[in-house]
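A short worksheet on the structure shown next.
Computation of the quantities below employed the complete heavy-atom set of this structure, encompassing side-chain atoms and omitting hydrogens, waters and symmetry-equivalent molecules. Please read these numbers as outputs of a predicted model, since none were measured by experiment. Whatever order the structure lists ligands and atoms in, that order sets their numbers, starting from 1.
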Amino acid sequence: MKTDILSLFPDELAKFLENEPSYRVKQLFSWIHKGATFDEMTNLPKKMREELAEKAYIALPEILRKYVSKLDGTVKYLFKLTDGQCIESVVMKYKHGNTICISSQAGCKMGCKFCASTQNGWVRNLTPSEMLGQVLVAQNDTGLRISNIVLMGIGEPLDNYDNVMKFLRLVSLDEGMNIGLRHVSLSTCGVVDKIYCLAEENLPVTLSVSLHHSNDEDRSALMPINKKWNIDSLLDACRVYFEKTGRRISFEYAVISGVNDNKSQADRLADLLMRKLPKMPFHVNLIPVNTVEGTGFTSEMKSAQIFQANLEKRGINATVRRKLGSDINASCGQLRRTEMEKE
Ligand code: SAH
């Protein structure tokens, strides 16, 4: 069995290379975290590279397909992992920096009714290296310096907790990609026990919470996780997360026509957030839903804007997410689904 060295911390890599001097470990770590292959590590002795290739591998995903938006330059990748599983990543150009949306699992077990990623179930967790690999390959392929990461692709990051924590620590190392965790957002459908764990990690990531409804009955119908942890327990965890980290929380709300988008629902959402989180700064991100085949959910831009205005009237900070890459179907989960169904 070969070792997945892109998933190792520097001290673990040093242990793995037991007989090499520490400067060699540093050189190797730096190469791996630039997305290099063994052949490209030209300042390492050939013999060392040959030995490495025999006992280790670098788990970079292969670009199976790539789509570039003619409208805004958004780039979407369908990646193939070493075992043939497919995942997706999207690179978006924003004024505040180039952002990549990465996947954390192959498939998802959360079962949200509007989401393409969960429709064919869950296959496995991604390793730290497979998450880093998405950033490295996309950065090298686009030639863009990626400064922001959102864990909003396929999968539920808090359902792959240990690997995601290791990924976050690795990606922020000075000697690695050096992406500050203040520039990383982790999105969850509401895995409450793990939000409490995350609050203790001392990692300044932004927590995004996919809320999508303001009452339990309707939220449970859309998002099965709500039957395990209801809205009350979710918002309690958000409050503790803020108290421990000082980080403002972002709530995602997909505005779905005829489901959760009328004025009284905006009012109920405002009531709920003001009542549960009176002293806490937060932001509501309204998402025009991407229509997923077989779900029947749609959005209207106009209702999203009215919903936003209603929240703002109540003193709640809200924005409507700009749709990027709409000509390349940039929302996650759909390419994997088509690809895996073909096989
Ligand atoms: N499992 C995590 C992260 C992945 S989903 C989570 O649930 O937050 C990232 C975001 O996309 C979530 O807010 C999710 O609710 C939203 N989403 C899923 N399917 C969507 C769709 N068809 N249209 C718009 N947003 C969607």
Could you list the atoms of ligand 1 found under 4.0 angstrom from a heavy atom of Cys115?
18 (C), 19 (N)

Taking N or O atoms only and a 3.5 Å limit, does Gly155 qualify as a polar contact for ligand 1?
yes

Can you confirm whether the side chains of Asp218 and Asn260 place a donor and an acceptor under 3.5 Å from each other?
no

Between OG on residue Ser210 and CG on residue Asn285, distance to nearest 0.5 Å
10.0 Å

When you compare the side chains of Ser264 and Asp267, does any donor N or O come within less than 3.5 Å of an acceptor on the partner?
no

Side chains of His283 and Asn317: do they bring a donor and an acceptor to under 3.5 Å?
yes

Tell me which pairs pass salt bridge (Lys or Arg N to Asp or Glu O under 4.0 Å) where either residue lies in residues 238-247, with sequence neighbours left out.
Glu200-Lys244, Asp236-Arg239, Arg239-Glu243

So, does Gly153 sit close enough to ligand 1 that a heavy atom of it is under 4.0 Å from the ligand?
yes

Can you sort out which atoms of ligand 1 are near Val292, meaning under 4.0 Å from one of its heavy atoms?
22 (N)

Just to be sure I'm reading this right: ignoring hydrogens, which of Thr188, Asn290, Ile154 gets closest to atom 21 (C) of ligand 1? Compare them by their nearest heavy atoms.
Asn290

Listed pairs under 3.5 Å, donor-acceptor, residues 9-17 side chains, sequence neighbours left out:
from, atom 1, to, atom 2, distance (Å)
Glu12, OE1, Phe9, N, 2.8
Glu12, OE1, Lys166, NZ, 2.7
Glu12, OE2, Lys166, NZ, 3.4

Below a 4.0 angstrom heavy-atom separation, can you tell me which part of Val209, side chain or backbone, both or neither, approaches ligand 1?
neither

Reference residue Gln85; test side-chain contact (heavy atoms from CB on, under 4.5 Å); the match among Arg336, Lys80, Glu130
Arg336

Quick check on contacts: which atoms of ligand 1 are under 4.0 angstrom from a heavy atom of Glu252?
13 (O)

Short list, please: which atoms of ligand 1 are under 4.0 Å from a heavy atom of Phe114?
15 (O), 17 (N), 18 (C), 19 (N), 20 (C), 21 (C), 22 (N)

Structural part of His212 in contact with ligand 1, heavy atom criterion under 4.0 angstrom:
side chain

Give the atom numbers and elements of ligand 1 that come within less than 4.0 Å of a heavy atom of Cys189.
6 (C), 7 (O), 8 (O)

